[in-house]
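It should be emphasised that the depicted structure is a prediction, and the values quoted were computed from it without experimental measurement. Here is how names work: the chains are called A, B, and so on, in the same order as the sequence lines, proteins then strands, and each is numbered from 1.
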Amino acid sequence: MTVMEQRGAYRPSPPPAWQPRTDPAPLLPDAEPHRVLGTEAAAKADPELLRRLYAQAVLGRRYNTQATALTKQGRLAVYPSSTGQEACEIAAALALQEQDWLFPSYRDTLAVVARGVDPVETLTLLRGDWHTGYDPYEHRVAPLSTPLATQLPHAVGLAHAARLKGDDVVALAMVGDGGTSEGDFHEALNFAAVWHAPVVFLVQNNGFAISVPLAKQTAAPSLAHKAVGYGMPGRLVDGNDAAAVHEVLTDAVRHAREGGGPTLVEAVTYRIDAHTNADDATRYRGAAEVEAWRDHDPVQLLERELTGRGLIGEDEIAAVREEAETMAARLRERMNQDPVLDPMDLFAHVYAEPTSQLREQQALLRAELEAEAEEGTAR
Amino acid sequence: MTVMEQRGAYRPSPPPAWQPRTDPAPLLPDAEPHRVLGTEAAAKADPELLRRLYAQAVLGRRYNTQATALTKQGRLAVYPSSTGQEACEIAAALALQEQDWLFPSYRDTLAVVARGVDPVETLTLLRGDWHTGYDPYEHRVAPLSTPLATQLPHAVGLAHAARLKGDDVVALAMVGDGGTSEGDFHEALNFAAVWHAPVVFLVQNNGFAISVPLAKQTAAPSLAHKAVGYGMPGRLVDGNDAAAVHEVLTDAVRHAREGGGPTLVEAVTYRIDAHTNADDATRYRGAAEVEAWRDHDPVQLLERELTGRGLIGEDEIAAVREEAETMAARLRERMNQDPVLDPMDLFAHVYAEPTSQLREQQALLRAELEAEAEEGTAR
Amino acid sequence: MSTVALKPATMAQALTRALRDAMAADPAVHVMGEDVGTLGGVFRVTDGLAKEFGEDRCTDTPLAEAGILGTAVGMAMYGLRPVVEMQFDAFAYPAFEQLVSHVAKMRNRTRGKMPLPLTIRIPYGGGIGGVEHHSDSSEAYYMATPGLHVVTPATVADAYGLLRAAIASDDPVVFLEPKRLYWSKDSWNPDEPQTVEPIGRAVVRRTGRSATLITYGPSVPVCLEAAEAARAEGWDLEVVDLRSLVPFDDETVCASVRRTGRAVVVHESGGFGGPGGEIAARVTERCFHYLEAPVLRVAGFDVPYPPPMLERHHLPGVDRILDAVARLQWEAESR
Amino acid sequence: MSTVALKPATMAQALTRALRDAMAADPAVHVMGEDVGTLGGVFRVTDGLAKEFGEDRCTDTPLAEAGILGTAVGMAMYGLRPVVEMQFDAFAYPAFEQLVSHVAKMRNRTRGKMPLPLTIRIPYGGGIGGVEHHSDSSEAYYMATPGLHVVTPATVADAYGLLRAAIASDDPVVFLEPKRLYWSKDSWNPDEPQTVEPIGRAVVRRTGRSATLITYGPSVPVCLEAAEAARAEGWDLEVVDLRSLVPFDDETVCASVRRTGRAVVVHESGGFGGPGGEIAARVTERCFHYLEAPVLRVAGFDVPYPPPMLERHHLPGVDRILDAVARLQWEAESR
Ligand SMILES: Cc1ncc(C[n+]2csc(CCOP(=O)(O)OP(=O)(O)O)c2C)c(N)n1
Ligand SMILES: Cc1ncc(C[n+]2csc(CCOP(=O)(O)OP(=O)(O)O)c2C)c(N)n1
Ligand SMILES: [Mg+2]
Ligand SMILES: [Mg+2]
């Protein structure tokens, strides 16, 4: 028996082969997204967890504003802000155990930082001194993926490999609503379901793919409904409700860990900022829509819950905010230092050993740099 | 308002955007595939249609055996037989009106012939004298597509273009169970649903992609369930029941024609022959499985229904069979003639006008051929 | 000759104008891609088209490049002339199968019965500080695919002319737009009727007698700059702008090289397996006895495109071009 | 030296053996692709592996090439050494984005932290009477993609040695298998320990002094045949089998060309933008003053791969090679 076969539903059926092999009902998402904050369920939530989510969300929000500010100061080439989506970003990181893997999309710097990666190393790609700034193996975070949805099959392959080795590893892969239209999304979910791989797919439906609204992206009842076509459960969650996202993701991760296979989670949220600092969002959406979503702000939802239920005091809130300011100041400071660059790095990592062709080019560049340096000294 | 917007369900929802925009229930396929033959529904079927389906199925079966025989005689490079799947092939062609378009996959030579394309021209690809042997515009049949699922977006684009022009055209696109795993399948269905294009997707689930059984291809309740994730209805049909396939496809085509958008139809059938004449099916499946499916043969299901209900007599059956023999003899005869080849055709259709680079190569080949011819004469 | 004064325009504006004029001239022309509608494209090349012609003529598609090109194929089958935008070079790769196996082959496959008149616009190349996957020079892939035309403008006027020609062509054209020239300006009057260059003609941008720089797209201005700088060294360089990689204008290129006896091919694309190999090889095949030195190549390094802060070391610049010219085995008198 | 008698084996058998030995030697080696399990692959190269090592080690995947390569990337990230089979050349195109944007770039992207030791086996080339899309020579695409190694065997022994080396490599290797040599036989004893050639070395298959035929993969036997036939014309041709297109063995190739002074590059791939341009250009750059004539190219025509009944006109054959050799500007005495 193969590892892929170690589960219930996965059996070829005898002819006639048309009997549905599983009942679709348990795969279908609920009509309403799961919510915790502001509902009765919140009372059952662990106050410590809520405080932790809150602190992280405040930090995350501050990280977003600081990074955006850095683009204006020319310290970052570009920054895709996740303001408004902090609940998803934070919950994705917190739902995982240490040995698990995170597969972020290009917007998910917050999740990467929340998982423990150095904030400056996280921004390397967007600062432009190298591509991936962190060692993916240190915190088990794959490189931020720019080609949309391409990281999803990687997550499936990694989770599958871990399972083959008998390791207790779950992979959580993040993608946007736009990314669900790509062929790689389809192929990844299908492989995951067929292989019964321990993967959780988190779709952050933030309403837009750059300027393209969801209605031009899909006609599906919801993105979570796509799960049915792969034979995995689909879950719909309020993506601005950190407690809800955390709960749904934690459940899905546990399910995967226990051999239950993959889950598709759609978190409905909203991108408050423009696509990146270079984008002009007024071209494709009105201020009223943005304002409507501000009333459903993920940080405020947490704060309201915590203060409303007396789980946090003014001092603690102030302390959280101060911590965020400290983080931002430290980030600013570190990002204001010019990165140390070595142009010869261009050739260092193309292959394990540079080919003779690359060695020739290396020599050419070295000669040029030496000539440049000499000129510099001469001047 | 764009053409894409001329329908009901396709509306962006106001925030909060998580309300399911449509109810999934009507999109879900029935648990049991639709059947007509051998059921009470058969009594309501048009006897003329049943006779027509029968005659076509008999012709189709004979075409398959004849083409397979031609591979043994070296008259065809390869033939992927659709024996066992004639009901789908025939019904696909008959469900369309004249102005509609058929987008066949590589196995669907029968559907192409049933649509009116010359049988020999249909086999050009498999004989090897050219790629597509027929003029796609003559009978509105796209070239047989070898790269799996790649023809599906073409069908969507064509149907969309026709709709933009205000033409009454439906496209029916065929694909195998294996082909549903490709990214192009996903992207085509999504575009079709978002654009509300008049397309019908017919998946022939014949249990295998070459040697790979369905269970290694998908974990979905059924392939028809994939429709939900695109927001189009999914229909499950007994693919060996020609009357049922015809009914479901005709409904879907009408639905598309009336502006109802695309439908995904899964027809459950079985490939009785090996993948192609070059394949050895005993490597991956047992004889018992094949035998079980022979009991559910599409030609016999029709014959049983027609004879059982007295809708056809011995003479008519004999006449149908004779017609098939005549067709086969004629095909044999025509295929036994060597096709007339002109090697210079290699350059004739790469561009509207050959580039100067191609003209040089053309001259080279012409000189070679002349030298060859001279040598031939000299000998 | 018209008396209207020329006004400066950017290449991006000329491209927009070409699309607009083509759409106005022929209702079969449809623009489609990611963000091309309401937003007007991330480079604003399709700005205003959805408003002017409606979203059915300038359509925001779902985010799926194979789907975009694949549906465009179907639309072209039905007689439309789709103009597809791929948002960036590397994001055209998901459409590679559709491009190679269908777009390039459909006319040939059907003995000319089913031509595919479609244009695939791809912003390409570096020099704009883009992160990974936003600066690839992918022309080598398209050149190696028979059935495609491959063109790339280097001037504002050519941007207009070549794009009109591409859309008018009955064959599929990969239209490569040099990103870093989008904001380059030229005196060009969009209100004057423009001559539409046929596809396939190179042009001598600067005459010279010492050596020929053979180049295209984003490297044309760099070569012109290098030619100016070379005067100080006593070299009088000719600069040939290919404009069309497929078909290739052997005549113009070889005429120049025969005249100068020396040549350097310059492009941003990686050198190994890049366009320069083909160009150097075919020039050598045709001009061997005219050559005083081997045809040299100045190209991007054979590495994944560098991060923004290192790209200046990668891109062929004036110095690297002059160094190559210096290696053309000069004897004192031959300059 | 071993005393075991050599037995004839086909290239396909040698490949199977290489996979088997690699899987036996290293549990990290996983074979995956369409029909590679129960069926043993459409060319039977993976025959018996699923039975011997289990379906977890030799896995029939869903039918989706980007998914196959993309999941293999993830498996390699976790320390496995996936060996991916693409069923035919043209069916590797759906995986192009994964190949170019991830497989080729991951090591570089992560400063060497995340190498991807994976092998992508692609049966390629024509001459087997395959219909459309079953006979492409796609090596030009891979050569133009920094970060990939590209190798292709021409002999039974190299098939084994190069595949073992590819699987052992810590870099991704595109392993191109010449379809029409699958059934070519050689005296080769699979039971004897095989020397594993390092990747990157060309080999002189036949020494000669008149001119060098530079070739690889399916064209090697054709060139050897041409060299034999050339003796009648008084030419003594050297044949260099590149074996590895990336890295490229300039040393061996240039040493040969410097000796002979003349060269023809021979391959099935289309000429324009094909590997021959790169090869001719770099040989010319390095050997200009040794060359009596331009390096010529004999290649497939620049057309979509022809249907089976016309492919013989397309493929470089002995006569076309000899015609090119005749155009190498011979003077009577120089042969
Ligand atoms: C394959 C690919 N195509 C196009 C792009 C260009 N692009 C970058 S972000 C983006 C929109 C992504 O939308 P979504 O998936 O919803 O993620 P979000 O930006 O909302 O986080 C596009 C089209 C890309 N990065 N990759
Ligand atoms: C993109 C692509 N990948 C691989 C192949 C090789 N191939 C040809 S047929 C086939 C199996 C197809 O299975 P399915 O889609 O179920 O259709 P069926 O053969 O059963 O009609 C495969 C893998 C191909 N033609 N195209
Ligand atoms: Mg989004
Ligand atoms: Mg099948």
Side-chain angles (χ1 to χ4, degrees), chain A residues 77-78 106 124-132 143-150 176-186 209-213 216-218 275 278-281 283-285 338-339 341-347 349-350 355 357-358 361-362 364-365 367-369 371-372, chain C residues 33-44 47 50 55 59-68 70 87-88 90-95 97-98 128-134 136 270-273 298-314 317 319-320 323-324:
Chain A
V78 65
Y106 76 104
T124 297
L125 174 77
L126 305 164
R127 174 160 70 173
D129 50 314
W130 198 256
H131 309 293
T132 298
L144 289 157
S145 179
T146 303
L148 299 167
T150 55
D177 48 315
T180 64
S181 295
E182 290 282 4
D184 273 10
F185 171 86
H186 176 69
I210 306 186
S211 70
V212 180
K216 290 185 184 175
Q217 202 66 249
T218 182
H275 163 59
D279 178 40
D280 173 8
R283 282 187 162 243
Y284 52 81
R285 66 184 191 189
D338 289 327
L341 295 172
D342 181 1
M344 299 314 291
D345 280 359
L346 289 182
F347 307 100
H349 307 295
V350 184
T355 60
Q357 286 78 41
L358 282 182
Q361 296 172 20
Q362 218 169 3
L364 178 79
L365 180 59
E368 284 181 2
L369 292 171
E372 239 182 57
Chain C
E34 294 156 9
D35 304 289
V36 297
T38 317
L39 185 66
V42 292
F43 293 106
R44 303 293 185 268
D47 197 17
E55 286 194 34
T59 307
D60 281 331
T61 62
L63 208 169
E65 293 77 9
I68 295 170
Q87 202 159 77
F88 281 88
F91 308 143
Y93 301 150
E97 181 187 32
Q98 285 290 342
I128 61 156
V131 301
E132 266 200 311
H133 310 291
H134 288 76
D136 281 15
F272 191 86
V298 177
F301 296 127
D302 296 317
V303 304
Y305 195 86
M309 289 188 183
L310 292 175
E311 67 180 340
R312 75 175 183 91
H313 299 290
H314 175 76
D319 288 349
R320 207 170 284 162
D323 284 351

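Using a 4.5 Å heavy-atom cutoff, the side chains of R320(C) and L364(A) are in contact. Residues D279(A) and V42(C) have side chains not in contact (no heavy-atom distance under 4.5 Å, counting atoms from C-beta outward). Within the 4.5 Å cutoff, no side-chain heavy atoms of D129(A) are placed close to those of P307(C).
Heavy atoms of L358(A) lying under 4.5 Å from chain C belong exclusively to its side chain. A209(A) touches chain C through backbone and side chain together, each having a heavy atom under 4.5 Å away. In this structure, chain C has a heavy atom under 4.5 Å from the side chain of L341(A), while its backbone stays farther away. The part of E368(A) that comes within reach of chain C is its side chain, from C-beta onward, which places non-hydrogen atoms under 4.5 angstrom from that chain. Both the backbone and the side chain of E65(C) come within contact range of chain A, with heavy atoms under 4.5 Å apart. For chain C, the nearby parts of V212(A) are the backbone and the side chain; heavy atoms of each come within less than 4.5 Å. Residue contact with chain A, scored on non-hydrogen atoms closer than 4.5 Å, involves the side chain of R312(C) exclusively.
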| task | Take L148(A) and E34(C), measure what side chain to side chain contact (heavy atoms under 4.5 Å, CB included) needs, and give me the verdict at the end. | result | CA-CA 13 Å; L148(A) 299 167; E34(C) 294 156 9; over 6 Å; no
| Would D302(C) and V350(A) count as a side chain to side chain contact (heavy atoms under 4.5 Å, CB included) if you check the C-alpha gap in whole Å, the side-chain angles of each, and the deciding distance to 0.1 Å? | CA-CA 9 Å; D302(C) 296 317; V350(A) 184; over 6 Å; no
| request: For salt bridge (Lys or Arg N to Asp or Glu O under 4.0 Å), just list the numbers for E55(C) and K216(A), CA-CA rounded to whole Å, side-chain angles, deciding distance to a tenth of an Å, and then say yes or no. | output: CA-CA 11 Å; E55(C) 286 194 34; K216(A) 290 185 184 175; 2.7 Å; yes
| task | Apply side chain to side chain contact (heavy atoms under 4.5 Å, CB included) to the pair L369(A) and H313(C), showing each step before the final yes or no. | result | CA-CA 9 Å; L369(A) 292 171; H313(C) 299 290; 3.6 Å; yes
| request: Could you walk me through whether R44(C) and D280(A) pass the side chain to side chain contact (heavy atoms under 4.5 Å, CB included) test, one step at a time? | output: CA-CA 11 Å; R44(C) 303 293 185 268; D280(A) 173 8; 4.1 Å; yes
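Between atom OG1 of residue T150(A) and atom NE2 of residue H133(C) there is a gap of 7.0 Å, rounded to the nearest 0.5 Å. Q357(A) CD to F301(C) CZ: the interatomic distance, rounded to the nearest 0.5 Å, is 14.0 Å. In this structure, the separation between OG1 on T132(A) and CD on E132(C) is 6.0 Å, given to the nearest 0.5 Å. In this structure, OG1 in T38(C) is found 12.5 Å from CD1 in I210(A), a value given to the nearest 0.5 Å. Note that the OG atom of S181(A) and the CG atom of L63(C) stand 6.0 Å from one another [nearest 0.5 Å].
A salt bridge links D47(C) to R283(A): at least one charged side-chain nitrogen sits closer than 4.0 Å to a carboxylate oxygen.
Heavy atoms only, all atoms of each residue included: P306(C) and H131(A) are closest at C-CE1, 3.8 Å. Listed here is the closest heavy atom pair of V78(A) and V131(C): CG1-CG1, 4.2 Å. Nearest heavy-atom pair across A77(A) and G129(C) is CB-O, 4.2 Å.
With sequence neighbours excluded, the residues forming a ring-ring contact (aromatic ring centres under 6.0 Å, His included) with Y284(A) are F208(A), listed by chain and number. Checked against ring-ring contact (aromatic ring centres under 6.0 Å, His included), H134(C) has the following partners two or more places apart in sequence or in another chain: F88(C), F91(C).
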